[in-house]
Amino acid sequence: MRAAYSSLCDVHRHCLPEFLSRSSAGYGLSLPADTNPRVWGTASALARMDDCGVGRSILSVDCTGVVIHAASRSGALSRACNDELAAICAEHPDRLSFWAAVPAASVDGACTEAARALDRLGAFGVVLPGSIGDVRLGDPVLEPLMDELDARHAAAFVHPNVYSASAMPRIAGFETDFFCDVAGAAFNLIRTGSLARHPNIRFVLAHAGGFMLPRMDFMEMQPGGLIPFALWQHESHRRVSGRGLFSDEAAMLFRRFYYDTAHSASAGTLNQLKDTVGAGHMLFGSNYPAAPGTSTLRALESFRKITDQWSDADRRAVMHGNADSLAGGGRR
């Protein structure tokens, strides 16, 4: 081990199981050409974790190269991915867990696979796209899936998706639209009342919530509040004013989410997150290998330099304590 074994838990670490690269066409999925360099192997992944001082990773299928719901046989593809990841993690239970893929474009199929992965395969949680075509997370059509996850007190990793409007010339979707997509999903979960109706789901927003936190002031400035008062009769949100959201009330809503630090390891972003939602709602994430190894190491160095200035309790919470709590206090 080139770096000291660490208790650091990486909740945003992608993988592309070899079977998927070999057999994707059989599931009606065409992999982009840039997917091939990220074909994943367990031994190399563990070695890379050692290099970075990461003790544990929560894996998810590489969403930037593999869009589960785009496959014509998305249900079968989700099951195959989850079976493969469960087998990999079972060989290294102290170091690897996984976010289960679900065919979110098929609500019934997503409910079935989420239940199977959580109840039988021991998944850490499920990964959900911020949007699927014209449907954003929080849309009423997804209510049965939200009910299923809420009943299981599940963790749900909200990962951005490249949507149809992302085809802007000379601007890659991951450069801007990813951050819009995850923020839009969070706002829609709030605005539709889905967040309030499902208090047991622990939502984890990738990339520090994208463009969400910088727009807290916008929520407060809107007449009647960005979140209509009529939608907020839920018991846990009765402090919301009909004239808008006050800062403490807006922060209360933001604290319903957890935030990973992938591509967000600057002092400004990390300290804003800590000041707004508290270290108890932050999780370390790297986005490796979608983020190149050199970028990952630089981000990790920045993360450690900044969090070294925090209290021991806050630093431990972000490094692994919050992830342990999401898993029910134990390691799966």
Considering only NZ, NE, NH1 and NH2 on the basic side and carboxylate oxygens on the acidic side, decide whether Asp139 and Arg136 come within less than 4.0 Å.
no
Under the salt bridge (charged side-chain N to carboxylate O under 4.0 Å, His left out) test, residues paired with Asp314 that sit two or more places apart:
Lys274
Kindly give the heavy-atom pair with the smallest separation between Met49 and Leu96, and that separation in Å.
SD-CD2, 3.9 Å
With sequence neighbours left out, the residues meeting salt bridge (charged side-chain N to carboxylate O under 4.0 Å, His left out) with Asp312 are Arg315
Going by the rule side-chain contact (heavy atoms from CB on, under 4.5 Å), which residues pair with Ser266 if we only count those two or more places apart in sequence or in a different chain?
Thr269
List for me each residue that meets side-chain hydrogen bond (donor to acceptor under 3.5 Å, both in side chains) alongside Arg316, sequence neighbours excluded, and say none if there are none.
none
Here the pair of heavy atoms bringing Asp260 nearest to Ala262 is OD1-N, 2.9 Å
Close side-chain approach of Cys9 and Met319, heavy atoms under 4.5 Å:
no
What pairs with Asp119 under side-chain hydrogen bond (donor to acceptor under 3.5 Å, both in side chains), at least two apart in sequence or on another chain?
Arg152
Please walk me through it: do Val158 and Val204 pass side-chain contact (heavy atoms from CB on, under 4.5 Å)?
CA-CA 6 Å; Val158 181; Val204 177; over 6 Å; no
What verdict does the side-chain contact (heavy atoms from CB on, under 4.5 Å) test give for Ser131 and Leu137, after you've listed the backbone C-alpha separation in whole Å, the side-chain angles of each residue and the deciding distance to 0.1 Å?
CA-CA 6 Å; Ser131 63; Leu137 199 60; over 6 Å; no
Taking all non-hydrogen atoms of both residues, which atom of Gly280 and which atom of Tyr258 are closest, and how far apart?
O-CE2, 3.4 Å
Please name all residues satisfying ring pair (Phe, Tyr, Trp, His ring centres under 6.0 Å) with Phe157, sequence neighbours left out, ordered by chain then number.
His12, Trp99, His159
Please list, chain by chain and in numerical order, all residues satisfying side-chain hydrogen bond (donor to acceptor under 3.5 Å, both in side chains) with Arg79, sequence neighbours excluded.
none
By salt bridge (charged side-chain N to carboxylate O under 4.0 Å, His left out) - contacts of Glu143 (at least two apart):
Arg197
Scan residues 101-118 for pairs that pass side chain to side chain donor-acceptor pair (under 3.5 Å), counting only residues two or more places apart or in two chains.
Asn82-Glu113, Asp83-Arg116, Glu113-Arg116
What pairs with Phe303 under ring pair (Phe, Tyr, Trp, His ring centres under 6.0 Å), at least two apart in sequence or on another chain?
Phe284
Indicate the atoms forming the closest heavy-atom contact of Val11 with Ala323, along with that distance.
CG1-CB, 4.2 Å
Show the numbers, then the answer: is there a side-chain contact (heavy atoms from CB on, under 4.5 Å) between Leu270 and Trp310?
CA-CA 11 Å; Leu270 290 179; Trp310 299 357; 4.2 Å; yes
Ala317: partners by side-chain contact (heavy atoms from CB on, under 4.5 Å), with sequence neighbours left out
Asn322
Assess whether a salt bridge exists between Arg56 and Asp324, defined as any Lys/Arg side-chain N lying under 4.0 Å from an Asp/Glu carboxylate O.
yes
Contacts of Asp147 meeting side-chain hydrogen bond (donor to acceptor under 3.5 Å, both in side chains) (sequence neighbours excluded), chain-then-number -> His198
Could you pull out the closest heavy-atom pair between Ala186 and Phe257, with the gap in Å?
O-CZ, 3.8 Å
